[in-house]
**Student:** 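Following this message is one structure expressed as structure tokens.
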Amino acid sequence: MDRAKQQQALLLLPICLALIFSLTAVVSSHWCEGTRRVVKPLCQDQQGGQHCIHFKRDRSSNGRMDNDSQAVLYIWELGDDKFIQRGFHVGLWQSCEESLNGEDEKCRSFRSVVPAEEQGFLWLSIGGEVLDIVLILTSAILLGSRVSCRSPGFDWLRVDALVAIFMVLAGLLGMVAQMMYTTIFQITVNLGPEDWKPQTWDYGWSYCLAWGSFALCLAVSVTAMSRFTAARLEFTEKQQAQNGSRHSQHSFPEPEASESIWKTGAAPCPAGQAFRNVSGHLSPGAPGKVSIC
């Protein structure tokens, strides 16, 4: 493999990495992570548990527990002891929250908690991420064909230009989609349902992967465009050199008048007049040749 193909193969690696980052970010649900403050349930079946409110029913006069709904419940937890912190994480598609026992999660659609006037922007954000993946995949296919096969009649410089254009478009679409999602999430935190609002939150690893894909897209675009520019200049210089060599081969220099006259032994005459060599009519002792017009 020559040096040019090695550079193209190395350029294919960040494209594939950007594609993996984007796919992982879209299908995962860890764009934002945090905790929610929820009220503990009553300890019905787990007496002595740490994730429920301990209570005591009022006993009737005969000493038995009164199961009537009017019975007085004595709750021992007060203030912050009545609440528990539950972890949650949110993605493009769903929002998941830890259960009381911490072993499984309860998930629901993120679109169901987004305000109605912001759901259109959520779909735009998802569409931007999908187009981002499509453009990165197209760039990977084009550059892969550039590395694997080489047809002498095909202009491969256009492939490099297309890769640069597609990657910069993918990066810009991803950036816009991520900023839209951030705005939608912040609005949902303020205006969303009370049973979903988080107490504390921060960006998760899926969000970092999405921005990592954006950085890789821009880096690949700049590299591909610089390679295209350098190859285009080199190709233009080669064409100019070939055209110059062909022109020099087809152009012959005209003999100078002085050289032709010197070879014939005659002096230059005015244009349109013939000259005659009279050296044969001179005497034997003449010093040289004389030409008359």
Side-chain angles (χ1 to χ4, degrees), residues 3-34 88-96 110 114 118 121-148 156-189 198 200-232:
R3 183 178 179 182
K5 282 194 173 183
Q6 287 179 355
Q7 292 178 352
Q8 293 161 6
L10 290 177
L11 191 62
L12 189 60
L13 292 178
I15 295 180
C16 295
L17 193 61
L19 181 61
I20 293 173
F21 283 0
S22 294
L23 284 173
T24 306
V26 168
V27 301
S28 61
S29 59
H30 287 267
W31 284 62
C32 296
E33 300 174 346
F88 81 99
H89 53 90
V90 185
L92 290 174
W93 306 100
Q94 60 182 2
S95 173
C96 298
F110 179 60
V114 175
E118 302 297 331
F121 294 101
L122 177 62
W123 284 114
L124 286 177
S125 176
I126 295 174
E129 291 293 338
V130 173
L131 284 178
D132 173 31
I133 294 174
V134 171
L135 288 173
I136 297 175
L137 181 60
T138 305
S139 301
I141 294 173
L142 288 175
L143 194 60
S145 62
R146 177 87 160 86
V147 175
S148 60
W156 291 104
L157 290 179
R158 294 184 180 180
V159 174
D160 293 337
L162 286 176
V163 169
I165 294 172
F166 286 166
M167 290 303 290
V168 73
L169 288 178
L172 293 176
L173 279 174
M175 178 190 69
V176 172
Q178 291 146 28
M179 294 176 66
M180 289 178 64
Y181 179 84
T182 303
T183 305
I184 293 168
F185 181 80
Q186 292 175 353
I187 293 175
T188 307
V189 169
T200 60
W201 64 274
D202 201 354
Y203 299 109
W205 56 266
S206 300
Y207 191 79
C208 296
L209 286 181
W211 281 105
S213 176
F214 161 75
L216 288 173
C217 288
L218 291 189
V220 170
S221 176
V222 171
T223 305
M225 185 56 68
S226 63
R227 284 175 51 82
F228 168 76
T229 305
R232 193 68 180 177

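Quick note: residue numbers are just sequence positions, from 1.
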**Student:** Which heavy atom in Leu12 sits nearest to a heavy atom in Ala140, and how many Å separate them?
**Tutor:**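 Between these two residues, the closest heavy atoms are CD1-O, 3.6 Å.
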
**Student:** Starting at CG of Asp160, measure out to CG of Leu11 and round the result to the nearest 0.5 Å.
**Tutor:**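 Interatomic distance, Asp160 CG to Leu11 CG, rounded to 0.5 Å: 8.0 Å.
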
**Student:** Can I get a per-line list of side-chain donor-acceptor pairs under 3.5 Å for residues 166-180, giving both atom names and the distance, sequence neighbours left out?
**Tutor:**
| residue | atom | partner | partner atom | Å |
| --- | --- | --- | --- | --- |
| Gln178 | NE2 | Gly174 | O | 3.1 |
| Gln178 | NE2 | Ala210 | O | 3.2 |

**Student:** For Ala164, is there any backbone N or O sitting under 3.5 Å from a side-chain donor or acceptor partner on Ser221?
**Tutor:**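 A pair under 3.5 Å: yes.
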
**Student:** Under the side chain to side chain donor-acceptor pair (under 3.5 Å) definition, can you give me all pairs with a residue in residues 163-173, not counting sequence neighbours?
**Tutor:**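 Checked against side chain to side chain donor-acceptor pair (under 3.5 Å) - neighbours excluded - no pair reaches residues 163-173.
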
**Student:** Taking all heavy atoms of Ile126 and all of Leu92, pick out the closest pair and write down the distance.
**Tutor:**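 Between these two residues, the closest heavy atoms are CD1-O, 4.0 Å.
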
**Student:** Do Ile15 and Ile136 have side chains that approach each other closer than 4.5 Å (heavy atoms only, starting at C-beta)?
**Tutor:**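 Contact flag for Ile15/Ile136 side chains = yes.
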
**Student:** Step by step, work out the side chain to side chain contact (heavy atoms under 4.5 Å, CB included) result for Leu143 and Val159.
**Tutor:** CA-CA 7 Å; Leu143 194 60; Val159 174; 5.6 Å; no

**Student:** Hey, does Val114 have a side-chain heavy atom less than 4.5 Å from the side chain of Phe121?
**Tutor:**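 SC-SC contact between Phe121 and Val114 ruled out.
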
**Student:** Can you tell me how far apart CG (Leu23) and CD1 (Ile133) are? Round to the nearest 0.5 Å.
**Tutor:**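 Reported value, rounded in 0.5 Å steps: 4.5 Å.
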
**Student:** Between Val90 and Ser29, is any pair of side-chain heavy atoms under 4.5 Å apart?
**Tutor:**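 Val90 does not reach Ser29 side chain to side chain.
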
**Student:** Working to the nearest 0.5 angstrom, can you tell me the gap between Leu216 CG and Leu19 CG?
**Tutor:**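 That separation rounds to 11.0 Å.
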
**Student:** State the CD1-OG1 distance between Ile165 and Thr138, to the nearest 0.5 angstrom.
**Tutor:**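 The OG1 atom of Thr138 is 13.0 Å from CD1 of Ile165, to the nearest 0.5 Å.
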
**Student:** For Ser28 versus Trp205, what's the shortest heavy-atom pair and its separation?
**Tutor:**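 What the structure gives for the nearest pair is CB-CH2, 3.8 Å.
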
**Student:** Going by heavy atoms in the side chains, are Gln186 and Tyr181 under 4.5 Å from each other?
**Tutor:**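 SC-SC contact between Gln186 and Tyr181 ruled out.
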
**Student:** In terms of ring plane angle, is the pair His30 and His89 parallel, tilted or perpendicular, where the classes change at 30° and 60°?
**Tutor:**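 Correct class here is parallel.
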
**Student:** Is the backbone of Ile20 close enough, under 3.5 Å, to the side chain of Thr24 for a donor and an acceptor to pair up by distance?
**Tutor:**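 Present.
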
**Student:** Would one find more than 12 heavy atoms of other residues, nucleotides or ligands at under 6.0 Å from atom OH of Tyr203?
**Tutor:**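 Above 12, so yes.
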
**Student:** Could you give the distance from OG1 (Thr188) to CD (Glu118), rounded to the nearest 0.5 Å?
**Tutor:**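 Here the interatomic distance stands at 7.0 Å.
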
**Student:** Give a yes or no on whether the backbone of Phe185 and the side-chain of Trp31 come within a donor-acceptor separation of less than 3.5 Å.
**Tutor:**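 Judged by distance alone, no pair lies under 3.5 Å.
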
**Student:** Does any N or O in the side chain of Ser145 come within less than 3.5 Å of the main-chain N or O of Leu142, such that one atom is a donor and the other an acceptor?
**Tutor:**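 Looks like yes, one N/O pair under 3.5 Å.
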
**Student:** Any side-chain heavy atom of Phe88 sitting closer than 4.5 Å to one from Pro198?
**Tutor:**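 They are in contact (side-chain heavy atoms under 4.5 Å apart), so the answer is yes.
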
**Student:** Decide side chain to side chain contact (heavy atoms under 4.5 Å, CB included) for Ser213 and Asp132; before the verdict, give the C-alpha distance in whole Å, the side-chain angles of both, and the deciding distance to 0.1 Å.
**Tutor:** CA-CA 10 Å; Ser213 176; Asp132 173 31; 4.3 Å; yes

